[in-house]
Amino acid sequence: MPDVWWWGAWAAVVLLLVVLYVSWLAGRVGRLHRRAEAATAALDAALVRRAAAAALLADELAPAAPAPAAGLSAAARAAIEAAPDGREAAENDLTGALRRLPPRGPDPVPAWAGVVTASRRLGLARQVHTDVVRDALAVRRRVPVRLLGLARRHPAPSYFDVGDPVLDEAADPHRPTVPTRPDQATRA
Amino acid sequence: MRIGIVCPYSLDMPGGVQNHVQDLAEALIALGHEVSVLAPADENGPLPPYVVPAGRAVPVRYNGSVARLTFGPLSAARVRRWLHTGGFDVLHVHEPFTPSLSMLAVWAARGPVVATFHTAMTRSRTMAAAQGALQLILERITARIAVSELARKVQVEHLGGGAVEIPNGVAVARYARAQPLPGWPGPCHPGTGGALGFLGRFSEPRKGFPVLRDAFVRLAPRRPGLRLLVAGPGEIDEALAAVPAALHDRVTFLGRVAEPDKPRMLRSVDLYVAPNTGGESFGMILTEAMAAGTAVVATDLDAFRRVLDGAGELFPAGDPAALAAVLGRLLDDQPARAALAARAREVVAGFDWPVLARRVVEVYESAIEATGGGQPVVDEDLSEAPPVL
């Protein structure tokens with residue numbers, strides 16, 4: 001019965017390839033979801049750091065400009081305390097509050113550099129998070145993943161939909177030859 | 001921070017990506033980081049101490065230029081060994097979509113991977129056909145950097161996903177203090193004299209040398225003493241064929257200039273001309289000319305306009321008559337040249353390597369944080385694959 005062996009061997013090879021493919025795909029699904037989780041944690045940390053930097057800036061501005069400082073302080077607190085479903089809006093409000101700060105005089109405001117850096121880092125964390133969430137959601141939509149329920153063990157990651165938090169480049173503290181002019185950033 | 005950088009192109013050959021990688025590595029080392037660069041290079045050639053050579057490269061035609069690449073099982077083994085012994089906190093690959101060491105490294109690595117995209121490939125057929133395979137590479141990259149707005153647009157439109165824009169840098173201090181070559185640039189007064197510069201592979205059509213040559217041929221008879229300084233590899237006889245014999249002694253070919261001589265060449269001319277007809281995504285040479293304090297005249301390309309940001313004169317692509325007019329006007333107008341050079345110094349400060357290297361480090365930190373933090377980049381080994389049968 002050589003024919004039967006022949007077909008048996010073929011079936012075994014095909015089965016092996018299918019098993020290899022599925023296990024590889026399961027690994028890919030798992031890896032993307034783990035990365036999405038880690039990126040979410042990093043994004044959360046970046047959001048908290050920006051809110052903290054903004055609160056510090058509000059304290060520093062308070063003596064000279066009490067009204068805008070109070071607004072900024074409230075926005076920072078709202079961002080930290082926001083419930084999960086209101087967090088995107090609260091973070092956008094904080095970005096808006098930072099951009100709306102009135103032009104300041106020539107006195108240096110040390111906390112400003114911290115806010116600019118934290119905002120830029122938040123921009124990076126947001127970028128990384130969006131990319132990996134997109135990849136994870138794309139792999140969930142693949143037919144074999146859906147048919148075999150390979151993503152069942154992993155909760156679907158979700159986008160964190162906020163506007164670009166990066167403040168104006170002119171305020172970048174890393175640009176030594178151009179004097180730092182925080183007023184330009186706030187006018188933008 | 002321990003940083004592993006992969007350069008896809010051979011360090012034995014000059015090129016934008018290679019220079020970028022070496023300048024970045026040196027700027028990072030100056031900031032106190034430990035850097036190892038894996039690149040195709042001849043093991044017996046002179047190499048900076050931070051470079052790990054990965055063997056000789058084979059020439060491959062790509063995107064209108066000849067690229068030298070290293071790919072295959074032997075290279076894959078070298079990449080794995082380098083990753084394994086490196087213990088890097090972050091892996092930084094350049095041009096991961098070329099079949100090269102970069103692609104191999106992304107494939108083998110786990111943990112934080114940062115990728116820099118240099119080329120602005122607009123709708124390449126290869127890219128569309130290989131979308132599935134590229135997606136597999138892409139999803140192993142934690143954070144992406146694009147060196148230009150155009151390169152970033154390609155990311156967003158064709159690949160889905162964003163990229164942080166960090167431009168190519170230039171070591172401003174090295175350019176600003178370079179000495180001009182002896183006898184250059186010579187006198188330049190209204191109506192006479194002046195030196196024009198061009199640097200690049202002048203035989204390559206998209207570099208646009210013929211446009212500058214034709215403009216020079218128009219301008220030189222009317223302007224005694226006008227000279228043209230050309231640096232870069234190419235066929236000199238071919239380049240001179242369209243120049244009247246009487247003007248031959250006013251064109252100087254330096255041949256290929258070594259990296260340290262580039263600033264000297266750029267400081268040896270009154271006007272640097274970038275007549276490229278297209279295909280440029282950034283315009284590195286413009287930032288270098290700006291750093292050297294030389295006034296720039298460039299083709300009105302989107303990429304060039306962004307880089308110059310008001311620090312140079314633009315002319316319509318491929319138009320020698322318009323170029324000749326701009327050159328004649330600027331050579332007559334010393335204050336205008338000085339104003340362009342002053343604006344250039346302001347603009348180029350944003351491209352200084354120490355400044356950009358800090359921004360790259362921020363991307364590294366974000367990538368490390370986004371992958372859980374603390375785990376070094378390890379090479380993928382078989383123990384991670386699920387048990388089969």
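All figures in this text were calculated on a predicted structure; none of them were measured in a lab. So that the names make sense, note that chain A is the first sequence line, chain B the second, and so on, each numbered from 1.
Heavy atoms closer than 4.5 Å to chain A are found in the backbone of B/Ala163, but not in its side chain. Neither the backbone nor the side chain of B/Leu356 comes within contact range of chain A; no heavy atoms are under 4.5 Å apart. For chain B, no part of A/Ala138 is nearby; none of its heavy atoms comes within less than 4.5 Å. When heavy atoms are compared at a cutoff of 4.5 Å, A/Val132 does not approach chain B at all.
Put simply, the side chain of A/Gln127 does not reach to within 4.5 Å of the side chain of B/Arg144, judged on heavy atoms. Put simply, the side chain of A/Asp131 does not reach to within 4.5 Å of the side chain of B/Glu139, judged on heavy atoms.
B/Gly372 approaches A/Ala38 most closely through the heavy-atom pair N-CB, 3.7 Å. Taking each heavy atom of A/Ala42 and B/Ala370 in turn, the nearest pair found is CB-CA, 3.7 Å.
When the options A/Arg126, A/Arg121, A/His129 are evaluated for a side chain to side chain contact (heavy atoms under 4.5 Å, CB included) with B/Ser366, the one that passes is A/Arg121.
Note on A/Arg49 versus B/Glu369: salt bridge recorded, some NZ/NE/NH1/NH2 to OD/OE distance being below 4.0 Å.
The CZ atom of A/Arg120 sits 4.0 Å away from atom CD of B/Glu362, with the distance rounded to the nearest 0.5 Å.
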### Task
Please test A/Leu124 against B/Glu365 for side-chain contact (heavy atoms from CB on, under 4.5 Å), starting from the C-alpha separation and ending with a verdict.
CA-CA 10 Å; A/Leu124 290 169; B/Glu365 286 165 353; over 6 Å; no
